[in-house]
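Here is the structure we will look at, set down as structure tokens.
What you see is a predicted model, and the numbers here were worked out from it, not measured in a lab.
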Amino acid sequence: MSQTVDRALSILPLLAEGPADLGQVADRLGVHKSTALRLLRTLHEHGLVYRQSDQRYRLGARLFALAQEAMENLDIREIAHPHLVRLNEQCGHTVHLAVYEEGEVLYIDKVESRYPVRMYSRIGKPVAITVAAVAKLLLADLPEAERRAVAEKLEYPMYTARSTPNAPAFLRELEKVREQGWATDLGGHEESINCVAAPIRGADGRVVAAMSVSAPNVVVTADELLTLRPLVRRTADTISGEYSGRTPIKEAT
């Protein structure tokens, strides 16, 4: 049964490359045409493939509908939360999750620090978009034209001497973040608060959210916080894998 399922599912990426006839499917699977036809008929009955008038097969509309429904029902916060808690338990600092929506970057989850000095950030509250590490990651992933248009429309408050002063500087910072795959805010919003962040990506590789670890410098220095960067990135990669469906399913023991 598992071999049959494996063969049937192997047909889908083949058809994703374009329509294929029965012989091409059989050759790709390494099976007789009768076996390939039986698999194709089953997939056709479920709407996952469609037989064209030229007798070639392509992906069926039902497959796209299922994919769209699955994406709409994915809740990045629900998937990420246990990983954010685990990261918080490991490092002790405040952990945030943020998304970009309608021109704003919003916190959608937060796990508080174990230390008595707390941050005043709140779930649902927009971040300081020109300086926040999570904002840099989310905006850096936008197409270049959109990224430039957004940057040119923003205002650039000088929260501290380290704040981003203008659009050209912001665009340079976003390009750097885009290339390195992580971001920081080292006293750009509040002089006493430092932050390191990593992106969470969907199945298409685009950034769907960003997560960060933040701490006041009375608890850890900026250099000490930056040593957590590998841990933050691993956590973000784990969430990305689970969100996009790339994480292997562990067999029950």
Side-chain angles (χ1 to χ4, degrees), residues 68 71-72 74-77 80 84 94-110 119-217 222-223 225-226 228-229 232-233 235-237 239-240 243-244:
Q68 181 63 32
M71 290 301 298
E72 290 174 354
L74 279 177
D75 184 344
I76 186 63
R77 182 184 180 278
L84 304 184
T94 302
V95 181
H96 286 110
L97 179 69
V99 296
Y100 180 63
E101 290 185 356
E102 300 180 358
E104 292 184 321
V105 175
L106 306 169
Y107 289 130
I108 60 171
D109 201 2
K110 177 182 180 181
M119 295 183 62
Y120 293 107
S121 55
R122 296 196 307 272
I123 294 175
K125 181 180 178 181
V127 310
I129 197 168
T130 60
V131 292
V134 288
K136 294 173 186 177
L137 285 164
L138 291 160
L139 296 184
D141 191 62
L142 296 176
E144 183 178 358
E146 184 179 355
R147 189 164 71 240
R148 186 169 297 277
V150 169
E152 291 174 351
K153 290 179 182 178
L154 293 173
E155 296 181 358
Y156 292 85
M158 293 302 293
Y159 302 104
T160 75
R162 297 179 181 176
S163 299
T164 309
N166 51 48
F170 192 46
L171 287 168
R172 288 194 298 271
E173 177 71 7
L174 294 184
E175 185 60 33
K176 175 184 175 183
V177 167
R178 188 179 178 90
E179 291 177 0
Q180 68 188 16
W182 51 275
T184 60
D185 169 15
L186 304 179
H189 187 220
E190 299 178 58
E191 287 190 4
S192 62
I193 302 293
N194 299 304
C195 175
V196 59
I200 296 169
R201 301 181 184 275
D204 59 359
R206 298 295 305 275
V207 176
V208 296
M211 55 161 295
S212 65
V213 170
S214 303
N217 54 26
D223 288 341
L225 184 70
L226 289 176
L228 295 175
R229 187 180 69 206
V232 175
R233 296 187 74 180
T235 302
D237 288 345
I239 298 169
S240 297
Y243 180 78
S244 64

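With hydrogens and angles disregarded, no donor-acceptor distance shorter than 3.5 Å links the side chain of Ser163 to the backbone of Met158. With hydrogens and angles ignored, the 3.5 Å screen pairs no side-chain donor or acceptor of Asn194 with any backbone N or O of Ala215. At distances below 3.5 Å, at least one donor-acceptor pair connects side-chain atoms of Arg147 with backbone N or O atoms of Leu142. With Lys136 contributing its side chain and Val177 its backbone, the two residues share no donor-acceptor pair below 3.5 Å. Within the 3.5 Å criterion, the main-chain N or O of Ala140 finds a donor-acceptor partner in the side chain of Arg178. A donor-acceptor pair under 3.5 Å links the side-chain atoms of Arg162 to the main chain of Leu186, judged by distance alone.
Between Arg206 and Asp141, the closest side-chain pair of non-hydrogen atoms falls below 4.5 Å. Within the 4.5 Å cutoff, the side chain of Leu84 has heavy atoms near those of the Ile239 side chain. Counting only heavy atoms from C-beta outward, the side chains of Arg77 and Val99 never approach each other to under 4.5 Å.
Shown here for Ala80 and Leu97, the closest heavy-atom pair between the two residues is CB-CD2, 3.8 Å. Val105 and Ala98 get closest at one heavy-atom pair: CG1-CB, 3.9 Å. Ala169 and Asn166 get closest at one heavy-atom pair: N-OD1, 3.0 Å. The shortest non-hydrogen separation linking Ala183 to Ala133 is CB-O, 3.5 Å. Contact record, Gly181 with Pro199: O-CD, 3.2 Å, taken as the closest heavy-atom pair.
Atom-to-atom distance recorded for Glu152:CD and Leu154:CG is 10.0 Å, nearest 0.5 angstrom. Rounding to the nearest 0.5 angstrom, the gap separating the OG1 atom in Thr164 from the CD1 atom in Ile129 is 11.5 Å. Within the model, atoms CG of Leu138 and CD of Glu104 stand 13.0 Å from one another, a figure rounded to the nearest 0.5 Å. Interatomic distance, CD of Glu144 versus CG of Leu174, reported as 11.0 Å (0.5 Å rounding). One distance of note links CG of Leu137 with CD of Gln180; it measures 8.5 Å at 0.5 Å rounding. Interatomic distance, OG1 of Thr160 versus CD1 of Ile193, reported as 11.5 Å (0.5 Å rounding).
Remark: Glu155 CD is loosely packed, at most 12 non-hydrogen atoms of other residues, nucleotides or ligands lying under 6.0 Å away.
Residues forming a ring pair (Phe, Tyr, Trp, His ring centres under 6.0 Å) with Tyr107 (at least two apart in sequence, or on another chain): His96.
The ring pair (Phe, Tyr, Trp, His ring centres under 6.0 Å) pairs that include a residue from residues 172-204 are Tyr159-His189, where partners are two or more places apart or lie in different chains. The ring pair (Phe, Tyr, Trp, His ring centres under 6.0 Å) contacts involving residues 138-157 comprise Tyr156-Phe170, where partners must be two or more places apart or lie in separate chains.
If you run side-chain contact (heavy atoms from CB on, under 4.5 Å) between Val232 and each of Leu226, Val95, Val213, only Val213 comes through.
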